[in-house]
Engineer: 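Structure provided below as structure tokens; questions to follow.
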2 protein chains.
Amino acid sequence: MPQGASRTDSDTCPGGRVCRRHAAGEDPAKRDQILQGAMKEFLEKGFDGASMNEICRAAGVSKGTLYVYFEDKLDLFVALVARERQAIFAGFDALLKGDLPLEDKLTRFGQRLASTICTDHVIQWQRTIAGIVDRMPELGARFYEAAAQRTHDDLNALLRRERAAGRLDVPDPERASAQFIELTVAGIWRARLFGKRRTDPEPDEIEASVASAVQVFMAAYGRTSG
Amino acid sequence: MPQGASRTDSDTCPGGRVCRRHAAGEDPAKRDQILQGAMKEFLEKGFDGASMNEICRAAGVSKGTLYVYFEDKLDLFVALVARERQAIFAGFDALLKGDLPLEDKLTRFGQRLASTICTDHVIQWQRTIAGIVDRMPELGARFYEAAAQRTHDDLNALLRRERAAGRLDVPDPERASAQFIELTVAGIWRARLFGKRRTDPEPDEIEASVASAVQVFMAAYGRTSG
DNA sequence: GCTTTATCGAACCGGTCGGTTCGATTAAAT
DNA sequence: ATTTAATCGAACCGACCGGTTCGATAAAGC
């Protein structure tokens with residue numbers, strides 16, 4: 001097994017010139033490698049169930065090195081959550097822009113959202129986070145904000161625009177956007193979270209669920225029903 | 001601190017007569033006492049985070065005694081989940097019977113459901129269960145069945161009856177009942193689960209949310225819109 | 001009274017935990 | 001070729017884990 005600093009990215013030496021060796025604990029590739037191993041462990045065993053020794057093994061990194069990159073177990077976990085938090089929910093806002101008809105926008109947004117949050121990987125994250133919310137409430141809240149609340153806010157803004165344009169009759173856009181989000185994954189997400197359903201929903205199931213969600217939503221809030 | 005078998009329930013002795021002393025590990029009051037302490041620990045720390053020593057302390061029971069009543073940590077946890085599972089969701093079906101108008105039934109059912117599953121205690125249970133679903137999927141599935149799925153099925157049956165009576169235009173009652181359930185807690189439950197909101201919702205918020213849910217539901221599926 | 005026995009409580013088991021240390025290794029920099 | 005230092009890896013720390021054992025205690029049954 002190779003030792004010494006791995007050379008996968010360039011950096012600057014004290015002399016100011018480009019060099020190929022990283023300072024201790026500053027090789028981003030090694031950092032990712034550790035995070036990857038940690039993710040496997042944390043998602044499988046939860047925060048308490050995961051062991052630092054196992055994380056080292058899974059990451060292919062010595063314990064000494066790991067503790068150069070991260071202060072302790074909590075530090076590692078927090079860094080990992082922060083990374084995944086934004087990786088999962090990047091690019092959602094773009095789906096609500098453009099000048100498609102409202103139904104199409106909702107459908108596109110709903111499909112992306114529903115399929116994303118019902119994925120095995122994301123479901124595992126949600127379980128892991130939920131499991132430690134009691135002892136780390138701020139971490140859970142931040143995860144929620146980056147995920148549910150951000151998409152919620154984006155949708156909320158769209159609904160207000162549509163209302164202002166007279167195409168929607170929404171007394172409470174805040175509530176309506178929350179309702180739409182829940183509708184898209186009705187009957188699926190919760191069953192996934194609690195392990196009643198153990199495989200990703202098929203794309204056509206997502207499509208059907210979102211189509212029904214759009215239909216119900218428009219029936220309730222559309223100005224011209226149909 | 002008193003020792004010896006506590007005398008809170010009657011039992012039968014080998015002779016067949018009523019006696020006041022329980023066989024080892026068969027005092028239901030002591031059993032409850034253990035379960036109570038275990039609940040506190042498991043809900044606060046999760047399955048892995050909870051320690052058997054702490055559970056003993058919290059329950060006011062010696063470790064030796066605890067292991068007379070339960071085989072091991074998992075056995076205790078499973079017994080506890082089984083007890084709570086049915087304690088939480090008892091009596092929901094009754095709310096859907098009688099001859100009230102559909103809207104009233106939905107409202108009553110929705111309010112009870114929403115306020116129940118957003119309670120601190122129930123939220124903590126959901127977090128704890130979700131946290132170990134990966135390693136104990138059957139336990140999570142059974143929890144889901146007793147909770148979400150049972151209420152879901154009850155509602156489903158009601159919708160089919162209403163459709164048969166011509167008072168509802170539901171193409172897919174299965175989906176519609178899931179949608180209604182999600183609508184009642186839209187924007188609340190998820191925020192509670194992830195610790196974004198840390199207190200029980202006020203009754204009037206529940207009422208407003210359920211009222212909106214009924215409205216949306218009836219707009220989408222009611223035969224006479226209004 | 002005496003016997004029975006459920007419970008207590010503390011010591012103990014082997015194992016693993018998170019975290020630390022430090023000499024050996026090895027590759028980059030010069 | 002030599003120096004430098006990031007990483008390795010194994011041993012080690014004290015603490016605690018889940019689980020077991022067993023003599024002491026005290027209440028119930030006779």
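This one's a predicted model, so the numbers in the text were calculated from it and none came from an experiment.
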Engineer: Name all residues meeting the side chain to side chain contact (heavy atoms under 4.5 Å, CB included) criterion together with B/Ser209; count only those two or more places apart in sequence or in a different chain, and write none if there are none.
Structural biologist: A/Arg175, B/Ile188
Engineer: Using five pairs at either end of the helix from C/dG1-D/dC30 to C/dT30-D/dA1, determine the angle between the two local helix axes and round it to 10 degrees.
Structural biologist: 20°
Engineer: Sequence neighbours left out, what passes salt bridge (Lys or Arg N to Asp or Glu O under 4.0 Å) with A/Asp153? Give chain and number order.
Structural biologist: none
Engineer: Applying side-chain hydrogen bond (donor to acceptor under 3.5 Å, both in side chains) as the test, list every pair that has at least one member in residues 106-118 of chain B; sequence neighbours left out.
Structural biologist: none
Engineer: Could you give the CG-to-P distance, from A/Leu66 to D/dG9, as a whole number of Å?
Structural biologist: 14 Å
Engineer: Please set out all donor-acceptor pairs under 3.5 angstrom arising from side-chain atoms of residues 137-150 of chain A, sequence neighbours excluded.
Structural biologist:
unit_1   : atom_1 : unit_2   : atom_2 : d
A/Glu145 : OE2    : B/Lys196 : NZ     : 2.5
A/Arg150 : NH2    : A/Phe89  : O      : 2.8

Engineer: Tell me whether the side-chain N/O atoms of A/Ser62 come closer than 4.0 Å to OP1 or OP2 in D/dC8.
Structural biologist: yes
Engineer: Do any N or O atoms from the side chain of A/Arg127 and from the backbone of B/Ala130 form a donor-acceptor pair under 3.5 angstrom?
Structural biologist: no
Engineer: Please check if the side chain of B/Ser62 supplies one atom and the backbone of B/Thr65 the other of a donor-acceptor pair under 3.5 Å.
Structural biologist: yes
Engineer: So, are B/Glu182 and A/Arg190 salt-bridged, with charged N and O less than 4.0 Å apart?
Structural biologist: yes
Engineer: Take atom CD of A/Gln33 and atom C1' of D/dC8, then tell me their distance rounded to the nearest Å.
Structural biologist: 12 Å
Engineer: Is A/Tyr69 close enough to D/dA6 that one of its side-chain N or O atoms is under 4.0 Å from OP1 or OP2 there?
Structural biologist: no
Engineer: Could you tell me the separation between the CD1 atom of A/Ile34 and the P atom of D/dA6, rounded to a whole number of Å?
Structural biologist: 15 Å
Engineer: Without swapping roles, check the side chain of B/Lys105 against the backbone of B/Gly98 for a donor-acceptor pair under 3.5 Å.
Structural biologist: yes
Engineer: Base contacts versus sugar-phosphate-only contacts with protein, heavy atoms under 4.0 Å: please encode nucleotides 17-23 of chain D as B, S and - from 5' to 3'.
Structural biologist: SBBBB--
